[in-house]
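These notes are about the structure you will find just below.
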2 protein chains.
Amino acid sequence: MDIRDVAKRARVSTATVSRTVNRVATVDAQLAKRVWKAIDELGYYPNRQARALVSGRSRVFGLIVSEITNPFFPEIVQTFETLAVEHNYEILLTSTIHDPKRMELAVRRMIEGRVDGVAILTFGMEDELLEHLRFRNLPLVFIDVGPKAPRVSNIRVDYAHGIRQAVQHLAAMRHERIGFVTGPLKLRSAVARRDAFEESMREIGLTVKPEFIVQGDHRLEGGKLAFQKLHQLREQPTALLCSNDMTAIGVMRQAFELSIAVPQQLSVVGFDDTRLADFMIPPLTTIQMSQTELARLAFDALYKEVKRETPSPVGTEYHLKTQLVLRRSTTFPPNTTPAKSRTIAKGTKQNDTSTAD
Amino acid sequence: MDIRDVAKRARVSTATVSRTVNRVATVDAQLAKRVWKAIDELGYYPNRQARALVSGRSRVFGLIVSEITNPFFPEIVQTFETLAVEHNYEILLTSTIHDPKRMELAVRRMIEGRVDGVAILTFGMEDELLEHLRFRNLPLVFIDVGPKAPRVSNIRVDYAHGIRQAVQHLAAMRHERIGFVTGPLKLRSAVARRDAFEESMREIGLTVKPEFIVQGDHRLEGGKLAFQKLHQLREQPTALLCSNDMTAIGVMRQAFELSIAVPQQLSVVGFDDTRLADFMIPPLTTIQMSQTELARLAFDALYKEVKRETPSPVGTEYHLKTQLVLRRSTTFPPNTTPAKSRTIAKGTKQNDTSTAD
DNA sequence: AATGACATGGTAAACGTTTACTGCCATTGG
DNA sequence: CCAATGGCAGTAAACGTTTACCATGTCATT
């Protein structure tokens, strides 16, 4: 069941079938109709491999993420896939699971698959592997950390904005002892978030106690451990910013074990605004970094680069904003008389799906 | 940079290079060494498309899920991918998002990609599309619902076991008014779960009030709505089994809005044991249906079928057990003096990661 | 009527592999 | 010593498309 069968049945050449299928304008309407009819009757589906081989373009984009099981990524994968399908692309999905072997494998798979471009959304790709990929001068798109080079685009995330909003939000409610649970500090994004926090605190005239900054790992466990540590402090923070939602959930979870009520005794703010945030009890106030937008930018970057007749000399820079989303895990610090109703920093999103309040 | 360049550099024929790369035993060690050296020096990676085209096997398995953003699936995708990579397979991932168009597209993509087999993990594939797929007599694996046919395997899930455990667990704590929030009833799996619930209740001598069975949609919203409905009842259930974890979370979330304490005022049991269950506050008691095991079975089914020299006349049946996992969202009904410590049904897993209790 | 321009369809090469077949050489048995 | 056998490498066809190039036919212009 190949193009030749179709050609035979429609009494045309394979070239005409090919042109018809690819909607080349120069084919006569009558013939095209015959061809489509034959295709339909035979149930013909073109062979992607053969197409790729001869045309030199596979219509596949690679997508490298760190872990699909990290709630941050499914949304991205979904959006990316939807976009891909719309443009008749396939996606070659790979997760590195923070494993150097898997990273190497990932690169190998991309090359063997002759992908037309790859989006690297791992927040910390080994540089050497990056070299391998760049070597082929494929269109590439990174988040945050990419090098400036031909055909490689970058999505720069403005971590500071959302974090500043969060700090202001907390400060407006008279929190003074505000802590921060970081991510793994080998990730540039984790460092950036922590730095933005310290910066915002300074801006607003609050001091950050070194012991209020404790390291997590962007996973549940790290959040739990971090809070346990914090809990042993003589003087404890009344509010905690976390480097991502998982961390915040870990904190809340551990607070629960220690019978500390969130938000009455402890305000918690997450980062990412994964869907989980709105699943939590109480719903988590967090800083949104739109996963769908991120996926969209990444796809666009690749797609545009593929479409270019001449490679971009130095890839495009994209920007992604962050923004505080108020839910229910923050309130006034304990032993405080609420002066007025809940303070809302300007530009903040009210995104509480609760039906009662 | 193709096989011919390698051949030239190693001073052998392309056949020898091919044999070396594919580890065919008949190639002389000396030559092989030369070939590997050349491969290394040139940075040669075989072209998957060309391989697929000539060999007739793409080494790609299709994986169709309903939504990657459903917390049930990331774990599956991850495991499936890991297995695939280990066996030098790629995966063509597709989500149908409950959209008939997407389903059709999914099938088309599978065929155009000439996948070697496909795992359909959607819990409700349109039958017509199934025909399309079966028509090609590809290895197929379904969960629950597959037809008996050559090369198509099935994973039968024993919903009843876990559900019976849950009902017994609740009954042992003297719950009598036990309700059930179903999934979308067009899904066979949702019907099976509900039926198993009713059956278990009958077995144990408890009556199920019709108004205690309300329909959800396997998503958060459905759970919320269901509980809202239940809450308006004059006489309310003291415990709720839910058709999946998302539903249970919706219930908990709505209970929170209505200031009803889980588990003190309402015991909640989920189904699936997604990672979310252990993120919740309180951690959700749920029925485990191992996602990694499921993925493993699915992959194995495909892989074995591909390896067979002659197609299996009627696919293999696999079985997946379910099992209650006790956490913290269930306890004695309100206004009850706990007779003894928490009752644990036999064969039940204690899987509470809490550090304090 | 002859010529040129243009529209449209066909022919065949090419894409990068695998693999059936062939051929060479060395070894072994009679 | 010769024939048969077997191990191993090379030759070339094949996989299913796309597309450059060519051929043909039609129409308008002179």
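What you see is a predicted model; the values in this text were computed from it and never measured. Reminder, nothing fancy here: chain letters follow the sequence lines and each chain counts from 1.
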Protein-nucleic acid N or O pairs under 3.5 Å, nucleotides 24-27 of chain D:
none

(message) Within this structure, what is the CG-NE2 distance for the pair B:N154 and B:H319, rounded to the nearest 0.5 Å?
(response) 9.5 Å
(message) Could you check whether any side-chain heavy atom of B:T20 comes within less than 4.5 Å of a side-chain heavy atom of B:W36, counting everything from C-beta outward?
(response) yes
(message) Is any side-chain heavy atom of A:I143 closer than 4.5 Å to one of A:V157?
(response) yes
(request) Take the C1' atoms of the five end pairs on each side of the helix from C:dA1-D:dT30 to C:dG30-D:dC1, get both axes, and report the angle to 10 degrees. (result) 50°
(request) Considering only heavy atoms of chain A and a distance under 4.0 Å, specify the first and last nucleotide of DNA chain C in 5' to 3' order that meet this criterion. (result) C:dT8 to C:dT17
(request) To the nearest 0.5 Å, tell me how far A:Y44 OH sits from A:I39 CD1. (result) 7.0 Å
(request) Sort out for me which residue in A:V24, A:L31, A:V12 forms a side-chain contact (heavy atoms from CB on, under 4.5 Å) with A:R19. (result) A:V24
(message) Does anything in residues 26-52 of chain A come within less than 4.0 Å of DNA chain C? Heavy atoms only, and list the residues if so.
(response) A:T26, A:V27, A:D28, A:L31
(message) For B:R109, is there an ion pair with B:E104 - N to carboxylate O distance below 4.0 angstrom?
(response) no
(request) Examine D:dT11: is either OP1 or OP2 under 4.0 Å from a nitrogen or oxygen in the side chain of B:S13? Give yes or no. (result) no
(request) For B:V12 and for B:V54, locate the closest nucleotide of DNA chain D by heavy-atom distance; then report the residue assigned to the nucleotide nearer the 5' terminus. (result) B:V12
(message) Testing the 3.5 Å rule here: is there a donor-acceptor pair between the side chains of B:S95 and A:Q78?
(response) yes
(request) Considering only NZ, NE, NH1 and NH2 on the basic side and carboxylate oxygens on the acidic side, decide whether B:D99 and B:K101 come within less than 4.0 Å. (result) no
(message) Tell me whether the count of non-hydrogen atoms from other residues, nucleotides or ligands lying under 6.0 Å of CZ in A:R23 goes above 12.
(response) no
(request) Mind checking salt bridge (charged side-chain N to carboxylate O under 4.0 Å, His left out) for A:R9 and listing every partner two or more places apart, or none if nothing turns up? (result) A:E41
(request) Describe the nucleic acid contact of A:S18 in one word from base, sugar-phosphate, nothing, applying a heavy-atom distance below 4.0 Å. (result) base
(request) Calculate the interatomic distance between B:R19 atom CZ and D:dG7 atom P; express it in whole Å. (result) 14 Å
(message) Does B:E86, at its CD atom, have more than 12 non-hydrogen atoms belonging to other residues, nucleotides or ligands within less than 6.0 Å?
(response) yes
(request) Check ring pair (Phe, Tyr, Trp, His ring centres under 6.0 Å) between B:F80 and all other residues, then give those that pass, not counting sequence neighbours. (result) B:F299
